[in-house]
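Worksheet: the structure to be examined is printed underneath.
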Amino acid sequence: MKLEFEVVDRNDFKKCHRDLFAQMLEKQGKVRPSFADKIDRCKTICIASIDGEPAAIGAIKKKTESDFSKDKSGLIQLKDKFNYELGYFFTAPDYVERKLARSIAQLLISHFGDENLMASTEISANPAMVKILENNGFRLYGSPWKSSIHKSYLGLFLKVE
């Protein structure tokens, strides 16, 4: 088994990155279309492959400003302290137990450097991602809110430098 991680900055995105990213996000089922346009929000993406097959993705993207609103986390006063968000994680079902999301998160955070970073994720429906965030210095802030896409409760996790 050959495991590879590719970290790609915005200026180096190619059509193959765009197509793969869109396909993986569609399979994830937790973001609204258009999937092909989601990569345009990204500063950096990471793709994990096993034996040449795409297995998982993640990204540093422009923050979702509405996550700070009074209707969501209620932390409007912190909105201007964050420009980017760790997100768009997806691991293909055949590779879920391989801890690829943990590795992708670590690679992206390391590549991103020392700057405030946010993430929002499902709190009870995705405890593995909550643990990944907490193990990388993120903490839950504000109030959880119900997602309009998948009906789970989301939380705002902040990593403050």
Side-chain angles (χ1 to χ4, degrees), residues 1-10 12-39 41-64 67 72-73 84-115 117-142 144-160:
M1 176 187 85
K2 183 178 180 183
L3 173 61
E4 296 179 290
F5 294 93
E6 181 182 13
V7 177
V8 186
D9 288 319
R10 171 187 278 279
D12 298 320
F13 293 166
K14 297 178 179 153
K15 184 177 182 337
C16 62
H17 298 124
R18 290 178 171 285
D19 293 347
L20 173 63
F21 202 78
Q23 290 167 6
M24 297 287 273
L25 281 180
E26 185 172 12
K27 288 177 187 176
Q28 179 208 50
K30 300 206 175 173
V31 295
R32 290 192 173 121
S34 161
F35 305 110
D37 294 339
K38 298 299 183 200
I39 197 169
R41 293 189 63 211
C42 297
K43 175 182 175 69
T44 306
I45 62 170
C46 183
I47 301 166
S49 299
I50 297 178
D51 294 331
E53 292 295 317
I57 60 168
I60 300 284
K61 60 180 182 164
K62 291 179 186 175
K63 71 180 176 192
T64 305
D67 287 355
K72 292 187 177 180
S73 70
Y84 291 98
E85 174 177 0
L86 183 68
Y88 290 151
F89 278 79
F90 173 71
T91 301
D94 291 345
Y95 303 107
V96 167
E97 297 300 319
R98 305 210 184 189
K99 301 187 180 191
L100 298 174
R102 179 181 70 178
S103 297
I104 288 172
Q106 290 170 340
L107 285 166
L108 286 168
I109 292 166
S110 176
H111 187 80
F112 183 69
D114 294 331
E115 190 176 325
L117 192 58
M118 64 163 285
S120 61
T121 194
E122 297 167 89
I123 297 172
S124 59
N126 196 358
M129 192 64 201
V130 170
K131 187 172 183 172
I132 289 168
L133 292 171
E134 291 175 343
N135 287 341
N136 281 286
F138 288 80
R139 296 293 170 252
L140 177 63
Y141 286 82
W145 68 94
K146 197 165 192 174
S147 170
S148 61
I149 300 172
H150 44 73
K151 306 302 181 206
S152 295
Y153 278 88
L154 300 172
L156 181 62
F157 289 79
L158 305 177
K159 184 175 191 298
V160 181

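Everything numeric here is computed off the predicted structure, so don't read it as measured data. Just so it is clear, the values below take in all heavy atoms, side chains as well, and ignore hydrogens, waters and symmetry mates.
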Measure the spacing between [atom1] of [X] and [atom2] of [Y] and express it to the nearest 0.5 Å.
X: Ser103; Y: Arg98; atom1: OG; atom2: CZ; result: 12.0 Å
X: Lys72; Y: Ser147; atom1: NZ; atom2: OG; result: 8.0 Å
X: Thr91; Y: Gln28; atom1: OG1; atom2: CD; result: 9.5 Å
X: Phe90; Y: Glu26; atom1: CZ; atom2: CD; result: 10.5 Å
X: Lys159; Y: Leu86; atom1: NZ; atom2: CG; result: 10.0 Å
X: Phe5; Y: Leu107; atom1: CZ; atom2: CG; result: 6.0 Å

Within-4.5 Å side-chain heavy-atom neighbours: [X] and [Y]:
X: His111; Y: Ile60; value: no
X: Ile57; Y: Ile45; value: no
X: Tyr88; Y: Ile39; value: no
X: Val8; Y: Thr44; value: no
X: Pro54; Y: Phe21; value: no
X: Leu100; Y: Ile50; value: yes
X: Leu156; Y: Phe138; value: no

- Test: Lys43 cationic atom under 6.0 Å from Tyr84 six-membered ring centre, within 45° of axis: yes
- Query: Looking only at side chains, do Ser73 and Asp67 share a donor and an acceptor under 3.5 Å apart?
  - Reply: no
- Tell me yes or no: between the side chains of Asp12 and His17, is some donor less than 3.5 Å from an acceptor? no
- Item | Chi angles and distances behind the side-chain contact (heavy atoms from CB on, under 4.5 Å) call for Asp19, Met24 | CA-CA 9 Å; Asp19 293 347; Met24 297 287 273; over 6 Å; no
Can you give me the closest heavy-atom contact between [X] and [Y], atom names plus distance?
X: Val7; Y: Cys46; value: CG2-SG, 3.9 Å
X: Arg10; Y: Lys62; value: NH2-CE, 4.5 Å
X: Asn136; Y: Ala105; value: ND2-CB, 4.4 Å
X: Phe13; Y: Cys42; value: CE1-O, 3.8 Å

Donor-acceptor pair, [X] side chain versus [Y] backbone, under 3.5 Å?
X: Arg102; Y: Lys131; result: no
X: Glu85; Y: Leu117; result: no
X: Arg139; Y: Glu134; result: yes
X: Asp51; Y: Lys2; result: yes

